[in-house]
Amino acid sequence: MSAFNAIGEEREIDREEFTPGIEPQPTWCPGCGDFGVLKALKQAMPEVGRTPDETLLVTGIGCSGKLNSYFESYGFHTIHGRSLPVARAAKLANPGLEVIAAGGDGDGYGIGGNHFMHTARENHDMTYIVFNNEIFGLTKGQTSPTSPKGHKSKTQPSGSAKDPIRPLSLSLTSGASYIARTAAVNPNQAKQILAEAMEHDGFAHVDFLTQCPTWNKDAKQYVPYIDVQESEDYDFDVHDRDEAAAMMREAEDSLNEGTVLTGRFYADDERPSYQEEKIAIGEMPEEPLAERYFDDDYEWERSADLLDRHK
Amino acid sequence: MAENELIWRIAGGSGDGIDSTSQNFAKALMRSGLNVFTHRHYPSRIRGGHTYVEIRAKDESVNSRGDGYNFLLALGDSFARNPKEGAYYGDEEVKPLTENLDDLREGGIIVYDTGLIDPDDVPDLDERAEENNWHVFGIDLRSMAREHGREVMRNTAGIGVTAALLDMDLDEMENLMESAMPEKILEPNLTILHEAYEMMQEEYEFDHELRVPQGEHEEDQVLISGSNGVAYGALDEGCRFIAGYPMTPWTDVFTIMSQHLPEFGGISEQVEDEIAAAALALGASHAGVKAMSGSSGGGFALMSEPLGLAEMSETPIVLVEAMRAGPSTGLPTKPEQGDLEHVLYSSQGDSNRLVFAPSTPSEAYDQTRKAFELAYEYQMPAIVVIDQKLSGENENVPESFFDREPNPDLGSVLTEEELEDAPHDPSGGTFNRFSHDDPEDDGVRPRSLPGQKGGRFLVTGNEHNEAGHIEEDPDNRVIQMDLRMKKLESVRSELDSDPESSHQTYFGPDEADYGIVTWGSSQGAVEEAVDRLNDDGHSVKAVGVSDLMPYPEEEMTAFLESVDEALVVEMNATAQFRGLTQKELGQFGEKLTSLLKYDGNPFEPAEIVEGFELQINGGTDAPSANTRLEPAIGD
């Protein structure tokens, strides 16, 4: 009998299963975009067909990090910027798990920027949701890596001299094989994109625009949005790297001007995921490593087998 | 004077094959029935720069490099390319000869390669040789190597010369070369080996007394390093996941694991930095795989964040800290025991971790296994502290030592069946993993693994309630803190309840007036010093401490109460272990004198003998230029 019976269980899944029975009072402010992420994620789960017991949600620190307090699954609320390395190892250890990592723009593009680049490059089979509200929320309103140039805050009182990070372009350059941007103000698109991202076999990066009504006063900052897939003005091939890159540049430039472009920007369905690459070169077992510890018949190899070369 | 031991030093430039040659020679000595111990000294450079390996071989057991040495094979530095006068590396070419003479014993042998070393560049060689009764052989090893193969094979010529001078037969060396070398280079090497051997026998008369000692092993031996010990201990304990970033000397363990994990069905990940490395180990462990990571001082500094998370989230991991001299990048290729406090106290808050400091390669194996066993049983991080010395030194160990059962047990993990009866929150499906109902609790609350049915819980680096949700209630805080802190106490009781599993090593007589205390890799030199001191009529016993945390309070109190005074020997400048001892025991400050060394080289037994004599005579001057005595409180 498997040690992980929840994995691969096929049945009808209700999104309410992902609401904790002991849901704590959310600490998010009224009107916060984070509610939109939570709702879209719960709605996407039945479409993907994964149960709470086979889902591992790994978060960083900040308002976004509290996502797994309000989402019922296995959860690991880690430390600032470090959700990705924890998540990707859990996936390698037990590839049957649905692994979702989530964090904010400071968490993901600032302190965790190095991990973001390398996780994308390695194309781990997981979904990474970045709550992008262009501000540090939980520490009370400092400039973030996505804050627009000139943004004034207590830590940059003269206005930021820095151009914001370009998360979509950075993700593409780093090697992510699925890249999308959606917004909390667009629940239907958000749900579809999250479902697609989870079903994608590789690193799926979702830059999720979330309004911060408290520290970024314009709570409607991402409205009106344009869905690039729905609009005839933005005809491009989501599978073509160059066209996707051009589209991302436009989305990133126009966001500063107030035009919010969302949708799927890139999908590479051909590229093997990291675990497939590792298995192919013999650096990872085909059967989930975590199962082995429960297999009474497995014969554990010992170091004694290595000693010949030391004689 | 005939000596009962050979301490052979091969010196040359980094990249000249000193390591592989000496490894084979050490094995040949081991196979001939001797006990061997190797010591490696190298600069922080890829090619060139003075490097040496010392092999000590004798019939009796050896556990340190000894004092000085009695045979020098000086190869010349083939990578010294800057002979310009006054240049930084200007005299590199002759360094293998000039740099090593101070430690060569009276009556010792010098073989140097006239192909690369001009003896005129060593103006006082003749005088010193005469003064010290050295037997000097200038041999053109380079030409011999060039004639039959390639220049780099002058190593082999040096071995041939060594064997002839020491009256060794070549069989073992030949066998080793045959198994280690590809066909193409084997033939020329064998030719060179014999050529050199025969040339020496034909052309020279020997009047030196040094010969290879005779010995015999009762069972098959293997030659392993401290890094091998750590890696093999981890493999046998079921570790199948490692993540790391290269840093000397941790790289040794990381490399050995990376080379073998795939064939053992495991996974090795070289990642972007040390924060990621430790975080990956956490993620793999959380998902139900025995996992490790590690680094050296600077990289371990980056790990203090995930280390704290491991403690708070109660996720087992094993970290290796292979110390080198600091602070900062320090002396990258030199040993020091200067990271003790870093390892004990890094990370924020009142945090607990297990810390073990093995002293020999075989102990490294044992204690790495223990570290995994306890980390997984008690769901907390364990750190195995080694250093550059232990990492790279080799000792022979009976092969049967490794003939033990593997232990793939994940420790305190519930099965799905057990989860059905485990406490769950009545209002939902959440498993109360951090439940604390049992007053007899040893602090351990078994976990579930993602993917198990009915085991859902949240784990967080924040203070949390029984289900793992963030909780700032003061009562809950105290309960959770106390339970986490209790685990260290529980581990201590477990270790104390089984004296067989004591990691402290005692040597010398049971009763003695004086004590020596040391920890980790300095133990070997202390062991040898204790024998000599007792032979000289002193009354000394010693303890090598390997359990650093939880600190072996009972054992150490008993030891220190039983002696009048004790010398604490460690390789750092601030007497860190002495500080720990005083902090943990709250007494003995007036009994403890420190002997400290932090020049980048490990202790030699003679320095400890001398330091001890100074201490008991009330002296305060250091026994040698690069050591320091720190008096006891009140002295």
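Values below: every heavy atom of this structure, side chains too, minus hydrogens, waters and symmetry copies. All of these numbers come straight from a predicted model, not from anything done at the bench. Residue numbers start from 1 in every chain, and the chains themselves are labelled A, B, ... in the order their sequence lines are given, proteins ahead of strands.
When heavy atoms are compared at a cutoff of 4.5 Å, A:Lys91 does not approach chain B at all. Contacts of A:Phe71 with chain B are absent, with no heavy-atom separation under 4.5 Å from either backbone or side chain.
Annotation for A:Met284 and B:Ile267: closest pair CG-CD1, 3.7 Å, computed over non-hydrogen atoms. Summarising the geometry of A:Lys311 relative to B:Lys27, their closest heavy-atom pair is O-CD, 3.4 Å, with the distance given to 0.1 Å.
Using a 4.0 Å cut-off between charged nitrogen and carboxylate oxygen, B:Arg456 and A:Asp53 count as a salt-bridge pair. Salt-bridge check for B:Lys453 with A:Glu9: passed, with a basic side-chain N closer than 4.0 Å to an acidic carboxylate O.
By the 4.5 Å heavy-atom criterion applied to side chains, A:Arg302 and B:Asp403 are counted as neighbours. Between A:Ile79 and B:Met312, the closest side-chain pair of non-hydrogen atoms is not below 4.5 Å.
For the residue pair B:Glu272 / A:Asn114, no side-chain donor-acceptor distance below 3.5 Å is found, with atom types taken as modelled. Side-chain contact annotation: B:Ser268 with A:Glu283, donor-acceptor N/O pair under 3.5 Å absent.
Residue with the most contacts toward chain B among A:Leu92, A:Leu56, A:Asn94: A:Leu92 (heavy-atom pairs, distance under 4.5 Å). Of the listed residues (A:Ala304, A:Gly282, A:Gly96, A:Ser73), the one with the most heavy-atom contacts under 4.5 Å to chain B is A:Ser73.
With rounding to the nearest 0.5 Å, the separation of CG in A:Asp308 from CD in B:Glu399 is 7.0 Å. Rounded to the nearest 0.5 Å, atoms OG1 (B:Thr415) and CG (A:Asn5) are 10.5 Å apart.
Checked against the 6.0 Å centroid criterion, the rings of A:His310 and B:Phe402 do not qualify as a close aromatic pair.
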